[in-house]
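Have a look at the structure below before the remarks.
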Amino acid sequence: MRLSWNIALQFLRDGRAQTTLILIGIALGSAVIVFITALVTGLQGNIVKRTLGSQPQIVVKAPDLLPLTPPPRADTVYLSQVDPRPQRLRGIDNAAAVLRAIRAMPDVQAATPVVSGPAFAQRGNAVRAVAVIGIEPASYVRIIPVDTDLVAGQFAVGAQKILIGSRLASDLGLSIGDTLRLTGPSGQAQAFRIAGIFTMGVRDVDERQVYLGLQQAQTLLGLPGSVTEIDMTVRDLFAAKDIASRIARTFGVKAESWMTTNSQLLNALQSQSLSTNIIRLSVALSVALGIASVLAVSVVQRTREIGILRAMGATRLRMMSVFLIQGGLLGLAGSTAGALLGVTAVYVFNTSGPRLFPVTVSPWLVPQAMLIATLAGVIAAYTPARRASRLDPVEAIRTV
């Protein structure tokens with residue numbers, strides 16, 4: 001094996017010009033793999049963060065009310081239509097036990113009780129329809145970090161303190177310390193003082209949402225002691241749909257994941273991942289074709305040397321290993337330089353680019369790019385290596 005390594009290195013030195021060119025090509029290809037993968041990963045993380053930063057990953061609610069008319073038997077045909085039943089605002093049955101069981105699940109990162117419903121916000125003659133959200137502050141910020149989105153005031157809910165969105169504050173001319181009157185669906189009205197103003201970058205959220213303490217929201221919405229939903233985050237973001245289905249089956253509730261409510265976002269993320277994989281495959285194929293062409297030329301140029309080595313006792317397996325080693329060395333050396341170049345490009349993008357979102361290089365990305373290029377080199381070298389191993393020593397020596 002040591003002899004094969006020495007021969008492979010000598011062949012690479014003899015074809016220094018060709019070796020340099022293919023190394024540059026491999027380095028550029030590996031740099032593209034590192035930079036594009038890191039860029040798309042950062043873009044996806046930024047999109048998910050912005051989208052899910054204002055909503056939970058899973059929402060558990062009471063199951064939908066079914067029509068009062070029983071469903072027909074399988075062998076019966078009804079010449080009538082049963083209208084769906086209107087869904088009224090109501091709490092989850094045995095919510096405290098369900099919440100404890102959900103928090104004990106190993107896949108769940110955090111869960112919090114929430115009371116939400118419609119209301120009217122009034123200041124003077126100005127009236128707006130809003131979504132009232134009653135929360136437990138300590139556990140809710142683990143789901144949605146409202147405390148980091150404040151642009152004025154402080155994060156305080158409970159008693160007479162509430163948080164409102166920046167667009168709602170602008171529409172009603174509200175500032176910190178002002179009073180806002182909220183009227184629930186049952187006509188219950190209360191006056192609250194603005195403790196903080198937040199902005200999440202989502203128009204509908206900043207324009208409609210109002211955060212109250214849990215008990216205050218229960219009183220306003222006419223749901224004393226009830227919880228209308230349980231908001232959750234999970235450890236594996238893309239396992240949310242399966243976890244939601246399991247929760248729905250286990251507890252007899254309605255559970256919706258962000259993958260269901262944001263299907264277009266999920267399609268966009270999957271399309272981006274597919275595009276990245278296609279780019280990586282295309283670059284790997286280009287690297288493999290470049291290495292294969294260089295080694296094919298090398299076999300032709302060194303036909304006499306190969307014949308002499310075969311005549312001196314070198315086996316076909318040894319000659320084959322020489323070119324396989326060359327392919328692997330080209331892939332490894334070129335990808336090492338390319339990985340460093342890709343990491344440098346990411347650094348330049350973060351420091352001198354538009355800075356729309358941070359781009360980070362995963363610890364596994366560089367070794368993965370190097371492994372892809374090295375394997376591509378070995379695979380590409382197989383055909384030239386096989387041809388070299390099959391050369392007849394006598395015919396090869398006679399080659400001019």
Side-chain angles (χ1 to χ4, degrees), residues 1-2 4-45 272-299 301-302 319-353 358-388:
M1 180 58 70
R2 184 176 181 180
S4 299
W5 275 87
N6 292 334
I7 296 173
L9 291 173
Q10 186 60 46
F11 280 178
L12 290 176
R13 292 192 195 99
D14 293 342
R16 190 174 290 109
Q18 296 174 343
T19 301
T20 302
L21 289 176
I22 192 59
L23 284 176
I24 292 174
I26 297 171
L28 291 176
S30 300
V32 168
I33 290 177
V34 171
F35 180 72
I36 293 297
T37 303
L39 186 66
V40 172
T41 302
L43 176 61
Q44 289 180 336
Q272 288 178 345
S273 298
L274 178 61
S275 301
T276 304
N277 291 332
I278 291 176
I279 292 174
R280 294 169 68 177
L281 178 61
S282 301
V283 172
L285 287 175
S286 299
V287 168
L289 290 175
I291 293 175
S293 62
V294 168
L295 294 182
V297 173
S298 178
V299 171
Q301 292 177 338
R302 293 171 177 77
M319 292 311 306
M320 193 169 184
S321 66
V322 167
F323 287 91
L324 291 177
I325 290 172
Q326 284 189 71
L329 287 175
L330 288 172
L332 180 60
S335 61
T336 301
L340 294 175
L341 183 61
V343 172
T344 303
V346 170
Y347 174 77
V348 172
F349 180 85
N350 285 331
T351 55
S352 304
V359 178
T360 58
V361 179
S362 168
W364 295 102
L365 181 56
V366 171
Q368 188 181 54
M370 294 174 63
L371 179 62
I372 291 174
T374 304
L375 289 177
V378 174
I379 294 172
Y382 176 75
T383 300
R386 188 165 176 266
R387 180 183 176 186

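Just the heavy atoms: all of them, side chains too, but no hydrogens, waters or symmetry mates, feed the values below.
The side-chain heavy atoms of Val32 and Leu28, taken from C-beta on, include no pair separated by under 4.5 Å. Between Val40 and Ile36 the shortest side-chain heavy-atom distance falls below 4.5 Å.
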Inset, instruction - Give the C-alpha distance, both sets of side-chain angles, the deciding distance and a yes or no for side chain to side chain contact (heavy atoms under 4.5 Å, CB included) between Leu274 and Ile278. - result: CA-CA 6 Å; Leu274 178 61; Ile278 291 176; 4.1 Å; yes

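Distance check: Thr336 OG1 to Leu341 CG gives 12.5 Å after rounding to the nearest 0.5 Å. Going from atom CG of Leu340 over to atom OG of Ser335 covers 9.5 Å, rounded to the nearest 0.5 Å.
Considering every non-hydrogen atom in both Ala38 and Val361, the closest pair reads CB-CG2, 4.4 Å. Of all heavy-atom pairs spanning Ala339 and Ser30, the tightest one is N-CB, 4.3 Å. Minimum interatomic distance between Val343 and Val34 (heavy atoms only, all atoms of both residues): N-CG1, 4.1 Å.
Judged by distance alone, with hydrogens and angles left aside, the side-chain atoms of Ser352 form no donor-acceptor pair with the main-chain N or O of Phe349 at under 3.5 Å.
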